[in-house]
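Remarks on the structure that follows.
None of the values given here were measured: they were computed from a predicted structure.
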There are 2 protein chains.
Amino acid sequence: MNDVLKALSHSTRRAVLSHLRKGDATAGELAALFDVSKPTMSRHFQVLKDADLIAAERRGTEIVYSFNASVGDELLGALMALLGTKERTSASTSEEQA
Amino acid sequence: MNDVLKALSHSTRRAVLSHLRKGDATAGELAALFDVSKPTMSRHFQVLKDADLIAAERRGTEIVYSFNASVGDELLGALMALLGTKERTSASTSEEQA
DNA sequence: ACGCTAATTAGCGATTTAGGTAATAAGAAT
DNA sequence: ATTCTTATTACCTAAATCGCTAATTAGCGT
C-alpha cells in the first residue's frame with residue numbers, strides 16, 4: 001500500500017496511468033508525452049510496475065505497458081475506509097495499517 | 001494532490017488518520033500509540049497538516065488534532081476518476097495532472 | 001521569576017528519490 | 001556479423017525523507 005501511494009504521489013506517474021487507461025502504449029509513446037529524459041521515464045515505469053499499477057510486455061523491440069485495474073480498486077477500497085465519508089458498497093479489503 | 005498522496009504513503013500517518021477519524025486527540029495521545037519518538041511524530045503531524053488532512057488547535061499546553069474530511073473526499077474523487085472501475089456518482093474535481 | 005508539562009524546532013546521519021548523461025541489453029533487419 | 005532502434009541499467013548529483021537526541025518555545029501554576 002505504501003508503494004502504491006508513493007507511486008501515485010508523482011504527477012508524471014499519474015499522467016502515465018491516466019493515459020494508459022485509454023489504451024496500451026509503448027515506453028516510447030509514453031515518454032514522448034513528457035518533458036523528461038527516457039531513462040527518467042523508464043524509472044517511473046519501474047515504480048508503477050513495482051506497485052503493480054501497470055504491466056509490461058515485450059513486443060519486438062518495444063515494450064508495451066498496460067494499466068492494471070485490480071490494484072487501483074483495492075487501493076480505492078482501502079482509502080474509502082480510511083478517509084471516505086461517502087457511502088461505500090463493497091469494501092472488503094484485507095489491509096491493516098501498523 | 002502530490003502532497004496528500006505522499007502524506008498517505010506512510011503507514012504511521014495513515015494510522016494517525018484512522019485514529020483521528022474516531023475523534024480528536026492531542027499530540028501526546030497520538031504519539032503514545034506509536035513506537036517512535038515525539039519529534040518524529042511531530043513531523044508526521046506536520047506532513048498531514050501541510051496536506052490539509054488534519055487540523056491543529058492549541059488548547060492550553062496541548063495541541064489537539066482533528067481529522068479533515070473534505071480533502072479526503074476530494075482525493076477520493078480524483079483517484080476514482082484516475083483508476084476506478086466502479087461506478088462513480090459525483091466526480092467533479094478540478095485537478096489537472098501535469 | 002521559576003519550574004513544570006507539552007510539543008515543537010534545530011541539527012545530524014542514513015536512505016531514498018528525481019533528474020541527468022553515458023553505457024548496455026534485446027530484437028529486427030540487412 | 002554489423003547496424004539500427006528501443007528501452008533499460010549504471011552512475012552521478014541535488015534534494016527530500018525518516019529516524020534520533022538536544023535545544024527551544026508556549027502555556028500554566030506557583
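The side chain of B:Y65 places an N or O atom within less than 4.0 Å of a non-bridging phosphate oxygen (OP1 or OP2) of C:dT8.
Without hydrogens or angle criteria, A:D24 side chain to A:V64 main chain gives no donor-acceptor distance under 3.5 Å. Put simply, the side chain of A:R58 gets close to the backbone of A:G60: a donor and an acceptor are under 3.5 Å apart. Side-chain N or O atoms of A:S42 include none that pairs as donor or acceptor with a backbone N or O of A:P39 at under 3.5 Å. Judged by distance alone, the side chain of A:R14 and the main-chain N or O of B:L79 form no donor-acceptor pair under 3.5 Å.
Here the C1' atom of nucleotide D:dT9 and the CZ atom of A:F45 are 15 Å apart, to the nearest Å. In this entry the distance linking CG of B:D50 with P of D:dC18 reads 12 Å, nearest Å. The separation between A:Q46 atom CD and C:dA25 atom P is 17 Å, rounded to whole Å. Spacing between atom CD of B:E62 and atom C1' of D:dC28 amounts to 12 Å, rounded to whole angstrom units. Taking atom CD1 on B:I63 and atom P on D:dT25, their separation rounds to 15 Å, with Å as the unit. One can place CD of B:E57 at 18 Å from P of C:dA6, the figure rounded to the nearest angstrom. For A:L48 and D:dT8, the CG to P distance is 12 Å, given to the nearest whole Å.
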Legend entry - CA sep, side-chain torsions, deciding dist, call: B:L53, B:L8, side-chain contact (heavy atoms from CB on, under 4.5 Å): CA-CA 9 Å; B:L53 283 162; B:L8 290 172; 4.0 Å; yes

Inset, instruction - Any chance you could lay out the side-chain contact (heavy atoms from CB on, under 4.5 Å) test for A:L30 and A:F45, step after step, and finish with the verdict? - result: CA-CA 10 Å; A:L30 291 169; A:F45 299 148; 3.7 Å; yes

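The 5' end of DNA chain C is approached more closely, in terms of each residue's nearest nucleotide, by B:T26 than by the other of B:T26 and A:R59.
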Please list, pair by pair, any protein nitrogen or oxygen found under 3.5 Å from a nitrogen or oxygen in nucleotides 16-22 of chain C.
| unit_1 | atom_1 | unit_2 | atom_2 | d |
| --- | --- | --- | --- | --- |
| C:dA18 | OP1 | A:R13 | NH1 | 3.4 |
| C:dA18 | OP1 | A:R13 | NH2 | 2.9 |
| C:dA18 | OP2 | A:R13 | NH1 | 3.3 |
| C:dG19 | OP2 | A:H44 | NE2 | 2.6 |
| C:dG19 | N7 | A:R43 | NH2 | 2.5 |
| C:dG20 | OP2 | A:S37 | N | 2.9 |
| C:dG20 | OP2 | A:S37 | OG | 2.9 |
| C:dG20 | OP2 | A:T40 | OG1 | 2.8 |

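Taking the side chain of B:T61 as heavy atoms from C-beta on, and the options D:dT8, C:dA7, D:dC28, the nearest nucleotide is D:dC28. Side-chain atoms of A:R58 lie closest to C:dG27 of the nucleotides C:dG27, D:dT8, C:dT9.
A donor-acceptor contact under 3.5 angstrom links the side chains of B:S70 and B:N68, judged on distance only.
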